[in-house]
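Here is the structure we will look at.
First listed ligand is number 1; within each ligand, the first listed atom is number 1.
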Amino acid sequence: MATKMRAGIVGAGIAGASCAGALAAAGWEVDIFEKARGAGGRLSSRRMEEGWASLGSPFISAKRDPFRSQLRDWVRMGWLEAVRGNIMKGRATVSWTQAQLQNHYRPLIEPSQLVRNLMGTARLHTESRVARLAPRTIQLEGGAVHGDYDCVICSVPTPQAIPLLEGLPRLQERLQHDTRYRPVWSFIMRWEGGPPADVIQFDDELLNLAVRQADGEGVWAVHSTHAFAETYLDVSKEEASTRGASALMGLLALPWPVEVEAAHLWKMALPTGQHDGFWLGDRENRVALIGDGIAGAGVERAWESGTRLAQALVQAEAELSH
Ligand SMILES: Cc1cc2nc3c(=O)[nH]c(=O)nc-3n(C[C@H](O)[C@H](O)[C@H](O)COP(=O)(O)OP(=O)(O)OC[C@H]3O[C@@H](n4cnc5c(N)ncnc54)[C@H](O)[C@@H]3O)c2cc1C
C-alpha cells in the first residue's frame, strides 16, 4: 500500500483550516497546531448567557466563484445567512449597494465552528504553540518535535511567522519587507434605544462599525477605527471600553449608559497593501506560507490561499507519481 502524504500546518484560522480540509479530502494525513484553545483565529466569538457574539470578523463575503460556492453550501446547511435589515451610514439610512454589503453573510453558528468544519479529518492539536519551523519539521514551544512531513505550512499573520522561520533564511528574507498589519479594538456592547438599524457604518475617527448580534437583546459587535486602536494600543481593556462606550453614546445620542460585555485588541486585525499571489513556497525545503498576510486582507482571500496551496500540492504529488 502506498504511504500517505503528510502535512503539518501551523495556525487554525480559515486559511490553515481550508488547506487542511482540502489536503485531507485528497487523502493526506494532516496535523494542525494551534496556540489557542480552539480553531477560528480572527473568525472568533465570545459566549454569553444568551448565546454568542462576534469578536472578530462579523461578516463573511465572497466576490469570486470558488468561495461563493462554499458560502452557498453553508447557507444550505443553515450555518450562514445573507445580511439583511436596515443599514445606517453616518446618520442616513442607505441601501446595500451604497453600504457595499452585497454578497455579505453572517454566521448563524459560531464562526469557529465553520472553521472547524472545514478541517474534515485533519487532526487539530490545540494549545500547541509552534516555536520554530524547519524542513519537514515543526517544533513546539516546550521542545516537542513533530516531523517527517512532506510539507510544512505556516498559516499565521506575517509578523508572527517571521520568528518561526529562523532556520529558513530565504523564506524569512522574502517576508521581511512585506506586510504591515493595522489593529482594531473590538467590543461586545449592549444598549437600549438608538436608531432602528442592524448595521451602522460610522463616519467617525474613533468608531468604524456596529453590527447587531442575533443572540441577546440589544447586543452589538462594535469595532474601533485603526486610528483609535493605534492611539490606545497599550491601555487596559477597561480604559479602551470606557473610551469606546463614550464615543458610541455621543455618536448615537443614547440616553442610557452602554454596557461593555467584552473587549479585545486585535493587534494584527487587517494587513495593508496589495497582494497578487495566494501562497509563498520554498520548494527545496518543502515549506509554504499562506494566510491573509500573503494573499491579502479578508476571509475570502485567506480561504482561497489555503485551498489554492492544497490544489498545487495535490497536483504536484499526482505528477510525481506518474
Ligand atoms: C475586528 C476584525 C474585523 C474584520 N472584518 C472583516 C470583514 O468584515 N470581512 C473580511 O473579509 N475580513 C474581516 N476581517 C479579517 C479576517 O478575519 C481575516 O482576514 C481572516 O480571518 C484571516 O484568516 P487567517 O487564517 O489568515 O489568519 P488567522 O485567523 O489570524 O489565523 C491564524 C491562526 O494562527 C494561530 N497562531 C499564530 N501564531 C501561532 C503559533 N506560533 N503557533 C500556533 N498557532 C499560532 C492563531 O492563534 C490563529 O488561530 C476582520 C478581522 C478583524 C480582527
Side-chain angles (χ1 to χ4, degrees), residues 8-20 31-45 54-63 67 71 83 99-101 103-107 111-112 114-116 118-119 124-133 138-142 146 153-165 179 181-188 199 201 208-209 211 221-226 228-229 263-272 275 278-279 289-307 309:
I9 300 183
V10 189
I14 194 160
S18 71
C19 189
D31 286 313
I32 311 182
F33 299 93
E34 167 57 52
K35 69 180 181 185
R37 273 180 297 182
R42 275 168 280 160
L43 276 166
S44 84
S45 52
S54 280
L55 209 50
S57 178
F59 300 128
I60 300 183
S61 60
K63 291 197 183 112
F67 196 47
L71 297 195
V83 176
Q100 299 187 332
L101 287 177
N103 300 320
H104 275 58
Y105 296 82
R106 64 185 192 91
S112 57
L114 290 176
V115 173
R116 184 71 188 83
L118 274 177
M119 289 175 195
L124 173 63
H125 307 260
T126 55
E127 299 182 82
S128 301
R129 182 187 287 270
V130 172
R132 201 178 135 83
L133 302 181
I138 289 178
Q139 187 185 326
L140 301 187
E141 204 175 64
H146 297 257
I153 298 160
C154 186
S155 179
V156 308
T158 328
Q160 293 177 336
I162 290 171
L164 306 185
L165 299 173
T179 313
Y181 279 76
R182 297 195 74 187
V184 170
W185 268 103
S186 175
F187 305 103
I188 295 170
V199 177
Q201 293 178 332
N208 176 38
L209 183 74
V211 182
V222 178
H223 294 169
S224 79
T225 58
H226 294 310
F228 176 103
H264 183 79
L265 173 64
W266 295 101
K267 285 192 178 148
M268 282 165 252
L270 288 162
T272 56
H275 301 254
F278 285 98
W279 48 273
L289 308 177
I290 54 174
D292 70 350
I294 306 293
V299 177
E300 180 172 23
R301 294 287 297 182
W303 176 90
E304 212 172 340
S305 75
T307 52
L309 174 65

_For the 3.5 Å polar cut-off, considering only N or O atoms, please tell me whether Gly298 and ligand 1 meet it._
yes
*With heavy atoms of Arg129 as the reference, note each atom of ligand 1 found under 4.0 Å away.*
41 (N), 42 (N)
*Heavy-atom contacts with Gly41 under 4.0 Å: which atoms of ligand 1 show up? List them by number with element.*
29 (O), 48 (C), 49 (O)
_Has Ser18 got a side-chain atom pairing as donor or acceptor with Trp303's backbone, closer than 3.5 angstrom?_
yes
*Quick one: closest heavy-atom pair of Cys154 and Leu133, and the distance?*
CB-CD1, 3.7 Å
*Between CD of Glu34 and CE of Met119, what distance do you get to the nearest 0.5 Å?*
7.5 Å
*Is there a heavy atom in Ser128 that sits closer than 4.0 Å to ligand 1?*
yes
*Which heavy atom of the protein is the closest neighbour of atom 47 (O) of ligand 1, given with residue, atom name and distance?*
Glu34 OE2, 2.6 Å
_Measuring from atom CD1 of Ile14 to atom CG of Leu43, what distance do you get when rounded to the nearest 0.5 angstrom?_
5.5 Å
_Option among His146, Arg132, Arg129 that satisfies the side chain to side chain contact (heavy atoms under 4.5 Å, CB included) test with Leu140_ = His146
*Which heavy atom of the protein is the closest neighbour of atom 19 (O) of ligand 1, given with residue, atom name and distance?*
Asp292 OD2, 2.7 Å
*Minimum-distance protein heavy atom relative to atom 32 (C) of ligand 1*: Ser155 O, 3.4 Å
*asked:* For atom 8 (O) of ligand 1, what is the closest protein heavy atom, and at what distance to 0.1 Å?
replied: Ser57 OG, 3.6 Å
_Using a 4.0 Å cutoff against the non-hydrogen atoms of Leu270, which atoms of ligand 1 qualify?_
14 (N), 15 (C)
*Looking only at protein heavy atoms, which one is nearest to atom 51 (C) of ligand 1, and how far off is it?*
Ala269 O, 3.7 Å
*Identity and separation of the nearest protein heavy atom to atom 23 (O) of ligand 1*: Ala302 CB, 3.6 Å
*asked:* Below 4.0 Å from ligand 1: does a non-hydrogen atom of Glu300 turn up there or not?
replied: no
*asked:* On a heavy-atom basis, I'd like to know which of Trp303, Trp266, Phe187 is closest to atom 53 (C) of ligand 1.
replied: Trp266
*May I ask you to identify, for Val10, whether its side chain, its backbone, both or neither come under 4.0 Å of ligand 1 on a heavy-atom basis?*
side chain
*Measure up the Trp266 and His264 rings against each other and bin them: parallel (under 30°), tilted (30 to 60°), perpendicular (over 60°).*
perpendicular
*asked:* Rounded at 0.5 Å granularity, tell me how far CD1 in Ile32 sits from OG1 in Thr126.
replied: 11.0 Å
*In the protein, which heavy atom is nearest to atom 41 (N) of ligand 1, and how far is it?*
Val130 O, 3.1 Å
*State the atoms of ligand 1, each with its element, that fall below the 4.0 Å cut-off from a heavy-atom position in Gly291.*
26 (O)
*asked:* Can you confirm, on distance only, whether ligand 1 has an N/O atom lying under 3.5 Å from any N/O atom belonging to Ser61?
replied: no
_Nearest atoms (heavy-atom pairs only) where Val115 meets Gly40_ = CG1-N, 3.8 Å
*Do Val184 and Ser224 have side-chain heavy atoms sitting under 4.5 Å apart?*
yes
*Which ligand 1 atoms, with their elements, are less than 4.0 angstrom from a heavy-atom of Phe33?*
43 (C), 44 (N)
*What's the shortest heavy-atom distance between Leu124 and Ala12, and which atoms?*
CD1-CB, 3.8 Å
_Proximity of Ala15 to ligand 1 by residue part, where a heavy atom lies under 4.0 Å_ = both
*So which heavy atom on Ile9 is nearest to which on Gly16, and how close?*
CD1-O, 3.8 Å
*For Arg42 and Ala269, indicate whether the former's side chain and the latter's backbone hold a donor-acceptor pair under 3.5 Å.*
yes
*Is His223 touching ligand 1 with its side chain, its backbone, both, or neither, if touching means heavy atoms under 4.0 Å apart?*
side chain
*For Pro163 and Pro159, work out which heavy atoms get closest and say how close.*
CD-O, 3.2 Å
*Using a strict 4.0 Å cut-off to heavy atoms of Gln160, name the atoms of ligand 1 that fall inside it.*
37 (C), 38 (N)
*Please state which protein non-hydrogen atom is closest to atom 30 (O) of ligand 1 and give its distance, to 0.1 Å?*
Arg42 NE, 2.8 Å
*Which ligand 1 atoms are under 4.0 Å away from a heavy-atom of Val299?*
10 (C), 11 (O), 12 (N), 16 (C), 19 (O)
_Lys63 to Glu300 - nearest heavy-atom pair and separation_ = N-OE1, 2.8 Å
*Contacting atoms of ligand 1, where contact means under 4.0 angstrom from a heavy atom of Gly11*: 33 (C), 34 (O), 35 (C)
